[in-house]
There are 2 protein chains.
Amino acid sequence: MTAQRRVVAEVLDGEHVHLTADEVHARAVAKLPEISRATVYNTLGELVSLGEVLEVTTDKRAKRYDPNAHRPHHHLVCAQCGSIRDVHPTGNPLADLPDTERFGFTVSDVEVTYRGLCPNCASA
Amino acid sequence: MTAQRRVVAEVLDGEHVHLTADEVHARAVAKLPEISRATVYNTLGELVSLGEVLEVTTDKRAKRYDPNAHRPHHHLVCAQCGSIRDVHPTGNPLADLPDTERFGFTVSDVEVTYRGLCPNCASA
DNA sequence: AGCACCCTTAGACTTTGTCTAAGGGTGACA
DNA sequence: TGTCACCCTTAGACAAAGTCTAAGGGTGCT
């Protein structure tokens with residue numbers, strides 16, 4: 001555990017946090033000016049491997065990092081401004097996929113992404 | 001409708017087709033050697049705007065283009081080799097998101113991505 | 001034939017992420 | 001306390017995917 005890794009972990013803290021690697025780097029630099037991009041990428045990769053942080057790819061742009069890894073959840077994304085909320089739908093989508101639709105795959109995981117407009121963008 | 005656009009449309013035809021822009025370009029070049037990358041990107045972008053083709057981002061790498069835009073469906077992705085199948089789960093995930101979990105958003109769309117191992121990768 | 005329009009082309013540019021070689025701090029051991 | 005090895009960090013080069021721009025070329029209209 002180095003100062004750099006601690007700073008990255010501190011930046012990624014809270015609910016509804018979904019920062020890109022660049023945003024993590026920018027905030028880490030504010031706390032520790034000499035931290036490098038490569039270190040941020042390395043640390044994020046390790047946190048993902050350890051299961052402490054989730055990678056989220058809600059759009060084609062940068063990957064985002066979600067520290068809320070210990071409670072299963074899905075995402076609600078504003079199609080206009082890109083803001084993201086964690087959501088907890090009822091029901092189990094895994095049970096909704098019949099065997100005939102599995103093509104012999106061993107299915108182990110589901111991601112659900114809801115899309116729409118956030119209150120801000122809807123009123124504009 | 002130009003020759004270039006026709007070729008792109010021809011390349012994107014069939015079930016379970018999910019090509020990257022680069023793959024589309026490679027196959028288009030086989031039919032029309034002088035077609036350029038920019039034209040492929042432009043044409044794909046137009047097809048997406050017209051609603052004839054869906055953009056799919058199952059991984060952080062390249063976007064994929066899915067011509068099966070007129071029948072709603074979701075995707076089943078092999079975590080190892082990346083192969084993709086179109087699937088049609090039962091149930092309606094939109095109904096599974098209670099109002100209290102919508103944060104004031106106007107929710108209009110859901111994408112579901114199932115992940116697992118395809119028969120090939122599972123047996124290897 | 002001349003012209004305007006728009007599609008296409010090639011390539012430069014941007015963004016995001018990965019890789020590599022060199023530098024530096026920390027603990028282990030004498 | 002001095003030396004050493006190890007591994008993390010750094011800076012920058014590199015790579016992949018996509019966007020943008022300026023110039024070239026076909027097509028149809030007049």
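These numbers come from a predicted model, not from an experiment. Below, chains carry the letters A, B, ... as their sequence lines are ordered, and counting in each starts from 1.
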Point to revise | Upstream residue (5' side of DNA chain D) when B:Arg61 and B:Ala38 are each assigned their closest nucleotide | key: B:Arg61
**Study point:** Integer-rounded Å distance: C:dC7 P and B:Leu44 CG
**Key:** 16 Å
Review point. How many Å lie between CG on A:Asp22 and C1' on C:dT16, as a whole number?
Key: 8 Å
Exercise for review: In whole angstrom, give the distance that lies between atom OH of A:Tyr41 and atom P of D:dG12.
Suggested key: 17 Å
Check your understanding: When all nucleic acid strands are considered with a 4.0 Å heavy-atom cut-off, which category describes B:Arg37: base, sugar-phosphate, or nothing?
Key -> base
Point to revise | Minimal non-hydrogen separation, B:Asn68 against B:Leu54, with atom names | key: O-CD1, 4.3 Å
Point to revise | Nearest-Å distance for atom pair CG/C1', residues B:Leu32 and D:dG26 | key: 14 Å
Check your understanding: Any idea how B:His16 and B:His18 line up, ring-wise: parallel (<30°), tilted (30 to 60°), or perpendicular (>60°)?
Key -> tilted
Review point. In whole Å, what is the span from the CG atom of B:Leu19 to the C1' atom of D:dA17?
Key: 16 Å
**Study point:** Along DNA chain C (nearest heavy atom to each residue), the more 5'-positioned of B:Asn42 and A:Thr20
**Key:** B:Asn42
Review point. Could you state the CG-C1' distance from B:Asp59 to C:dG17, rounded to the nearest angstrom?
Key: 14 Å
Check your understanding: What nucleic acid atoms does A:Ala62 come within less than 4.0 Å of, heavy atoms only: base, sugar-phosphate, or nothing?
Key -> sugar-phosphate
Point to revise | A:Lys60 NZ - C:dT16 P separation (whole Å) | key: 11 Å
Practice item. Measure from CD on B:Gln4 to C1' on D:dT27 and round the result to the nearest Å. Key: 13 Å
**Study point:** Lys/Arg-Asp/Glu bridge criterion (N-O < 4.0 Å) met for A:Glu46, A:Arg5
**Key:** yes
Exercise for review: Determine the contact category for A:Thr39: base if any of its heavy atoms lies under 4.0 Å from a base atom, sugar-phosphate if only primed atoms, P, OP1 or OP2 are that close, otherwise nothing.
Suggested key: base
Check your understanding: Is the phosphate of C:dT8, meaning OP1 or OP2, less than 4.0 Å from a side-chain N or O of B:Thr2?
Key -> yes
Check your understanding: Counting side-chain heavy atoms from CB outward, which of C:dA10, C:dC7, D:dG18 is closest to B:Arg5?
Key -> C:dC7
Review point. With a 4.0 Å cut-off, would you call B:Glu10 and B:Lys31 a salt bridge?
Key: yes
Check your understanding: Counting only heavy atoms not in A:Arg27, do more than 12 sit closer than 6.0 Å to its CZ atom?
Key -> no
